[in-house]
Amino acid sequence: MGKIFLAKTNKGLSFAAFVKDHNWLDEITDFFKKRDILLDHNENKFRLEKNLFDNYFKGKKESFHSLPIDFISGTPFQRKVWLETRKIPFGKIGTYKSIAHKLNHRGYRSIGQALSRNPLLIVIPCHRIIGSDGSLTGFGAGLEVKEYLLRLERGEASA
DNA sequence: TACATAAGAATAG
DNA sequence: CTATTCTTATGTA
């Protein structure tokens, strides 16, 4: 399916996304640079994460709830949305509207906006959020990925 | 303050 | 019923 770029602080995982191309990596590294976060290329530190993702892509109900995460970016609102999204159980889906409702918000669109900036793909299952009519509205990493992930959770994955 | 948004609702076909 | 357009609210820079 592709490679996944992971980044973590000493507090927890802070970034996870599919690697697009080299240029994309530059942007990410730049992102961390601006925050004075040094990147240490040490894959050994990601044993746990790797294992979790491995489970997930095997179709196991990995919720990542045990994985410590660290929001290096994000406004209070975004975090609320992310945390709420994270509560969605494996295999289930939610709508922007439902999230908004839980947060006592009327800003459906803002939910999507927050999710679009989700730095923790999969860990925060933004792919489980779809439009109120059941349509896949959008996805940062590409709708293909979203579709794939949803099928994966339905047990129809084909890698 | 102005811009952008992964939505929604409404309308037309 | 589906496709298309328009509207509105909210977050962010």
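Chain A is the first sequence line, chain B the second, and so forth, proteins listed ahead of strands; every chain is numbered from 1.
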With rounding to the nearest 0.5 angstrom, report the OG to CZ distance, Ser73(A) to Phe31(A). 4.0 Å
Between dA6(B), dG8(B), dT5(B), which nucleotide gets closest to the side-chain atoms of Gln113(A)? dT5(B)
Kindly assign one of parallel, tilted or perpendicular to the pair Phe5(A) and Trp24(A), based on the angle between their ring planes and the thresholds 30° and 60°. perpendicular
Separation of Arg79(A) atom CZ from dG11(C) atom C1', in whole Å? 15 Å
Which of parallel (below 30°), tilted (30 to 60°) and perpendicular (above 60°) describes Phe15(A) and Phe32(A)? perpendicular
Neighbours of DNA chain B within residues 124-140 of chain A, by heavy-atom distance under 4.0 Å: Cys126(A), Gly131(A), Ser132(A), Thr137(A), Gly138(A), Phe139(A), Gly140(A)
Under 4.0 Å from OP1 or OP2 of dA9(B): is there any side-chain N or O of Lys97(A) that close? yes
Relative to each other, are the rings of His127(A) and Phe139(A) parallel, tilted or perpendicular (30° and 60° limits)? perpendicular
How long is the line joining CG of Leu115(A) and C1' of dA6(B), in whole Å? 8 Å
Return the NZ to CD1 distance between Lys80(A) and Ile111(A), rounded to the nearest 0.5 Å. 9.0 Å
Ser132(A) side chain to Tyr108(A) side chain, donor-acceptor N/O pair below 3.5 angstrom: no
Which residue, Arg128(A), Lys102(A), Arg79(A), forms the salt bridge (Lys or Arg N to Asp or Glu O under 4.0 Å) with Glu84(A)? Lys102(A)
Atom-pair distance (OH on Tyr108(A); C1' on dG8(B)), nearest Å: 7 Å
Please indicate whether His65(A) has more than 12 foreign heavy atoms, meaning atoms of other residues, nucleotides or ligands, lying under 6.0 Å from its NE2. yes
In Å, rounded to the nearest 0.5 Å, how long is the span from CD1 of Ile124(A) to CG of Leu83(A)? 7.0 Å
Between dA9(C) (P) and His105(A) (NE2): distance, integer Å: 15 Å
I'd like to know whether CZ of Arg35(A) has more than 12 heavy-atom contacts from other residues, nucleotides or ligands below 6.0 angstrom. yes
Arg109(A) vs Arg117(A), nearer the 5' end of DNA chain C by closest nucleotide: Arg109(A)
Below 4.0 angstrom, which residues in residues 83-96 of chain A have at least one non-hydrogen atom near DNA chain C? none
From CZ of Phe31(A) over to C1' of dA13(C), roughly how many Å is that when rounded to an integer? 15 Å
Interatomic distance where CD1 belongs to Ile99(A) and P belongs to dG8(B) [whole Å]: 12 Å
Using 4.0 Å as the upper bound for N to carboxylate O, is an ion pair formed by Asp54(A) and Lys50(A)? no
In whole angstroms, how far is the P atom of dG11(C) from the CZ atom of Arg106(A)? 11 Å
Identify all stems in which DNA chain B takes part, counting only runs of at least 3 consecutive pairs (Watson-Crick or G-U wobble, each distance under 3.5 Å), and give each as one range with another, ordered by first number. B:1-5 with C:9-13, B:7-13 with C:1-7
Rounded to the Å, how far apart are Phe77(A) CZ and dT5(B) C1'? 12 Å
